[in-house]
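Structure, as structure tokens:
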Amino acid sequence: MTARYDFKIIEERHQADWAKEGLFAAREDSSRSCYYVLEMFPYPSGRIHMGHVRNYTIGDVVARYKRMQGYNVLHPMGWDAFGMPAENAAIEHRTHPATWTYENIDYMRKQLKRLGLSYDWEREFATCDPDYYRWEQLFFIQMFEAGLVYRQKSKVNWCEGCRTVLANEQVEDGKCWRCDTEVVEKELDGWFFKITDYTQELLEGCDRLTGWPEKVLTMQRNWIGRSVGAEITFPLAGDDSEIRVFTTRSDTLFGATFMSLSPEHPMAMELCIGTGQEEEVKAFIDHWTKIPSRERQITKSPNHQITKSKEGVFTGAYVKHPLTGESIPIYIANFVLMEYGTGAVMAVPAHDQRDFEFAKEYKLPIKVVIQPEGGNLKPETMKEAWEGPGTLVNSGLFSGMENEQAKKAITRHLETHGLGNQKISYRLRDWGISRQRYWGTPIPMVQCDTCGIVPVRKQDLPVILPLDARLDKQGRSPLPGLESFWSTTCPKCGGPSRRETDTMDTFVESSWYFARYACPDETSAPLDRKRVDVWLPVNQYIGGIEHAILHLLYARFFTKVLRDLGWLSADEPFTNLLTQGMVLKDGAKMSKSKGNVVDPDKMINTYGVDTIRLFILFASPPERDLEWSDQGVEGAHRFLHRIWRLVTKNLEGLTSARTDKETLIQGTKASKALRQKTHQTILKVTEDIEQRFHFNTAISAVMELINEVMSCLNRYGTPEIDQQGDWAVLREAMEAVLILLFPMVPHITDELWQLLGHQKTISLEPWPVADLDVARADTVNIVVQVNGKLRSQVEVAQNTDKEIIESMVLDDPKVKRYTQGKAVHKIIYVPGRLINVVVRN
RNA sequence: GCCGAAGUGGCGGAAUUGGUAGACGCGCUAGAUUCAGGAUCUAGUGGACAGUAUAUCCGUGGGAGUUCGAAUCUCCCCUUCGGCACCA
């Protein structure tokens, strides 16, 4: 029987069978170890793209592999369903974001199901379901009560394209992460999550996340940006107030010759009053506070090079140096950031490049207080600041100290005299979550004229996002104009009040969805702690590197908050993280504008799901970018065809074979080698998947086994072959092929498995264990080198003595050619691999 | 500027701890089969040299070094990509 490989029928049939059997439904079951594998859930943008296919294929292989290993696997899927594209599409297509979103979900669910992904679909949800976001509103109120939420007027990143505020993490290169519009600064009231309460824990946690790529951890550490330094008090001259500065270089304190304040510094304006500098200072502050701090320093020079200019103005006021008592002029400088440290810095021009440039520009004194080893820095001749290590000079009591030591000594000295203290500063800012958008989770707060800001009562949740809203063409949120939504009564006094009309950043939804999968049916609480603790943390999380900071940092923060609110026990959400590379075509990311998009549906229609899965897994290891190749797809398809033919053309011989141990060892010499290869392949594939998810090399190994099977079959028909034993070995090999490939190409392997006479799906097979005795070779090839150059090879029995090999090698005519007339200096033997004869003239 | 990752045939990529560089696949070449094409099977495929030999030499971005031995370790340089970017 040689049925055609009709992938369409096969794939549909097996998908239906798996669904009918309920193979992928996860149940809490204490008898087996749990394994939670999760891929980053998609935004329902309309259609699945190749990036999704890659992401979910990788996750599916892991899920199926772990199931075969006996784990109780949780592998869920859902939808990150709130967000701007829905609003834009709704305006464009004159529909409602909800309609658009749910239609997309229905379509994309079909696409995912067609990919044969082993999800527990019973746990599916969309974050725009009120049954999901109501719990997010509860978390918000609980966080508010715990002091983790506050409202503040502040300068925010505003994207005019999206007509909303963006978090710091969502600004890339001064542009909106989504629409690329130049971000402007705007003063707005908004809600903040106090992620900075968890700075230290988020940072320390990085050291314990050993299952995360170092790259991601580095990015998170840099984003948090910890620096240890000191806060130092400078008393104002002729006044009893003071200005505090933050510095990481307290060792250079004696070199401070002026002070720089940010234009936004609260004292900037008042300092100059009565000094005659008022007008100049006012003009300067007016000018620079209009420019977002991000762009402040950057001026475009004529040749389009971006340069950073140091500009400032003297306030007319002075502070006193805390240790020397010297008068120090106070400047306002464009490069000092209000949002870092204290917004004021002590300027040490000799040892800070920015201060150096500023001092040169405004002719301020430069005082050297650190001498590098063997150096002799002089202010007059310095071309740039010396920021490296050295010995303190001109530093009173501290002169002669090494600068690292001096940092501590000076800080301690300041502390004992009440002039300063050790201080750790971070770059991380609180997470602004207010969005002036419609399609998001309503913030459950109320503004009452008498009571002020009051949370909605918990029993009144959810605050439902009204679906009768009409979007305007400019994309402004309809909520502030929708009285039926915002008009309400105060939860406290019952008086008339107004609901918050901003919605939450959609990154809030994705910060806890992985926990909700543990109990998506829970109606009385956001999370059922018992069930959540069974599954969390996620054992293996898989997604794109583009979320290295944004989503992954927020999810870590949220997990810690939920832990502290008592909803779960995990400290971290994801134990292991795999960041998969992008799918490229012609060297570039697929995009409509470039016209290099490969549509998964078309590919699947032509080649079938298994082919696409195989190609994606084979073309490159998962963490690397993958170059799409139509010829590569053909190759993958050909390989599946070859397996199909191998089984169907030899079905009679294969099905008649018994694979008990006695029959297996009856094989002839040719099939004995095949048997060894089979067990070596089991070892290799297991190792490749287990240790590093390198499916490409795992597939290569199976291809080698197939090649061996083919050459073995070519020898059949000759009379000396023992049919019984050989067919047994062939069957063992082919069954290994099917099982090893099953997690990657589940449909064709299940079909062939059942053609071989098995009654049940291959899904239920345990992962094979190699027989080490069979896998081990009787003989080994030892590479022979002379002076490190390959000259010959010898074949010897396993564990042959070193002396025997040595004498064999020295007798080898090929070796002799190089050793003749020379003295053998030494012989290096690497057991079982290599022998190197070192000779000298 | 700082931090990080990478650079291997015509292409995607192997080489897991310093031990046969180029596994596996694509592509290409030749042969078999075929009316022909496709498909399939067999053999070959880093470069140089070529004159008959299981030869020799070169070869993992470039240059030095360590070592019996380096794609792998060290130093310098070049290129590409990613992150941060006046963070005091």
Side-chain angles (χ1 to χ4, degrees), chain A residues 172-173 213-223 225-227 229 245-249 252 260 262 293-294 296-298 306 308-310 333-337 339-348 351-355 357-358 387 425-428 545-546 548-549 614-615 618-621 623-636 638-639 641-642 645 684 687-688 691-692 694 696-704 706-707 710-711 714 781-793 814 817 825-830 832-840:
Chain A
E172 293 169 350
D173 246 352
E214 200 48 48
K215 184 183 180 169
V216 175
L217 294 174
T218 305
M219 281 165 73
Q220 293 220 346
R221 285 191 189 104
N222 290 343
W223 187 261
R226 172 187 150 108
S227 23
V245 300
F246 173 73
T247 180
T248 55
R249 293 297 304 271
T252 63
S260 307
S262 163
S293 55
R294 191 180 322 104
R296 202 171 279 172
Q297 348 41 22
I298 298 168
I306 289 172
K308 293 168 179 181
S309 69
K310 303 281 177 292
N334 66 344
F335 63 88
V336 181
L337 306 172
E339 54 274 18
Y340 186 78
T342 62
V345 296
M346 66 174 204
V348 186
H351 305 293
D352 182 286
Q353 186 57 26
R354 294 156 299 181
D355 297 340
E357 286 166 29
F358 193 86
E387 296 182 340
S425 275
Y426 298 94
R427 194 183 162 281
L428 183 70
I545 184 78
E546 66 272 18
I549 296 171
L614 183 70
F615 165 72
F618 181 59
S620 132
E623 65 275 9
R624 252 206 257 191
D625 286 351
L626 182 154
E627 175 69 33
W628 190 266
S629 154
D630 290 337
Q631 286 176 329
V633 177
E634 297 268 1
R638 243 182 341 248
F639 174 66
H641 255 288
R642 186 171 300 152
R645 278 195 311 271
K684 166 81 177 151
E687 218 171 78
D688 282 345
Q691 291 179 4
R692 25 175 224 175
H694 275 201
N696 56 331
T697 49
I699 293 166
S700 297
V702 178
M703 286 174 168
E704 284 185 55
I706 285 288
N707 290 343
M710 306 247 306
S711 74
N714 281 335
N781 262 326
I782 306 274
V783 168
V784 182
Q785 295 182 338
V786 180
N787 286 352
K789 284 205 156 92
L790 175 70
R791 296 302 178 193
S792 181
Q793 297 198 11
K814 278 180 271 178
R817 270 167 56 185
H825 176 62
K826 62 175 166 179
I827 295 174
I828 290 153
Y829 176 59
V830 183
R833 298 198 86 146
L834 170 143
I835 188 157
N836 187 12
V837 183
V838 184
V839 294
R840 284 183 180 171

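Convention: sequence-line order gives letters A, B, ...; per-chain numbering from 1. Only a predicted model underlies this, so the values are computations on that prediction, with no experimental measurement involved.
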Regarding [X], tell me which of base, sugar-phosphate or nothing describes its non-hydrogen contacts under 4.0 Å with the strands shown.
X	value
A/Arg833	sugar-phosphate
A/Met710	sugar-phosphate
A/Arg791	sugar-phosphate
A/Asn836	base
A/Gly635	sugar-phosphate
A/Asn781	nothing

Helical stems, RNA chain B - three or more consecutive Watson-Crick or G-U wobble pairs below 3.5 Å: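 Output for stems: B:1-7 with B:78-84, B:10-12 with B:24-26, B:27-32 with B:40-45, B:46-48 with B:56-58, B:61-65 with B:73-77.
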[atom1] of [X] versus [atom2] of [N]: gap in Å, rounded?
X	N	atom1	atom2	result
A/Gln793	B/rA55	CD	P	11 Å
A/Arg624	B/rG82	CZ	P	16 Å
A/Asn707	B/rC41	CG	P	10 Å
A/Leu217	B/rG82	CG	P	21 Å
A/Phe618	B/rC26	CZ	P	8 Å
A/His825	B/rG69	NE2	P	11 Å
A/Leu626	B/rC81	CG	C1'	17 Å
A/Gln631	B/rC24	CD	P	19 Å

Under 3.5 Å donor-acceptor, A/Arg249 side chain and A/Glu387 backbone: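 Side chain of A/Arg249 to backbone of A/Glu387, a donor-acceptor pair under 3.5 Å: yes, one is there.
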Any N/O donor-acceptor pair, A/Arg249 side-chain to B/rA88 base, under 3.5 Å: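 In this structure, the two groups form no donor-acceptor pair.
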Side chain A/Lys789 and base B/rU56 donor-acceptor under 3.5 Å: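 Checked by distance alone, the answer is no.
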Among [options], find the nucleotide with the atom closest to the side chain of [X].
X	options	value
A/Pro621	B/rG82, B/rA14, B/rA88	B/rA14
A/Asn696	B/rC84, B/rA88, B/rG13	B/rG13
A/Glu687	B/rA14, B/rG19, B/rU16	B/rU16
A/Glu704	B/rC26, B/rC3, B/rA23	B/rA23
A/Thr247	B/rA88, B/rU54, B/rG19	B/rA88
A/Gln691	B/rA88, B/rU16, B/rA23	B/rU16
A/Thr248	B/rA88, B/rA21, B/rG83	B/rA88

Whole-angstrom distance between B/rG51 and B/rU60, as gauged at atom P: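 These two P atoms come out 26 Å apart once rounded.
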Separation between the C1' atoms of B/rC77 and B/rG83, rounded to whole Å: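 That atom pair is separated by 23 Å.
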Syn/anti state for B/rG9 [syn: chi within 90° of 0]: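 You should classify B/rG9 as syn.
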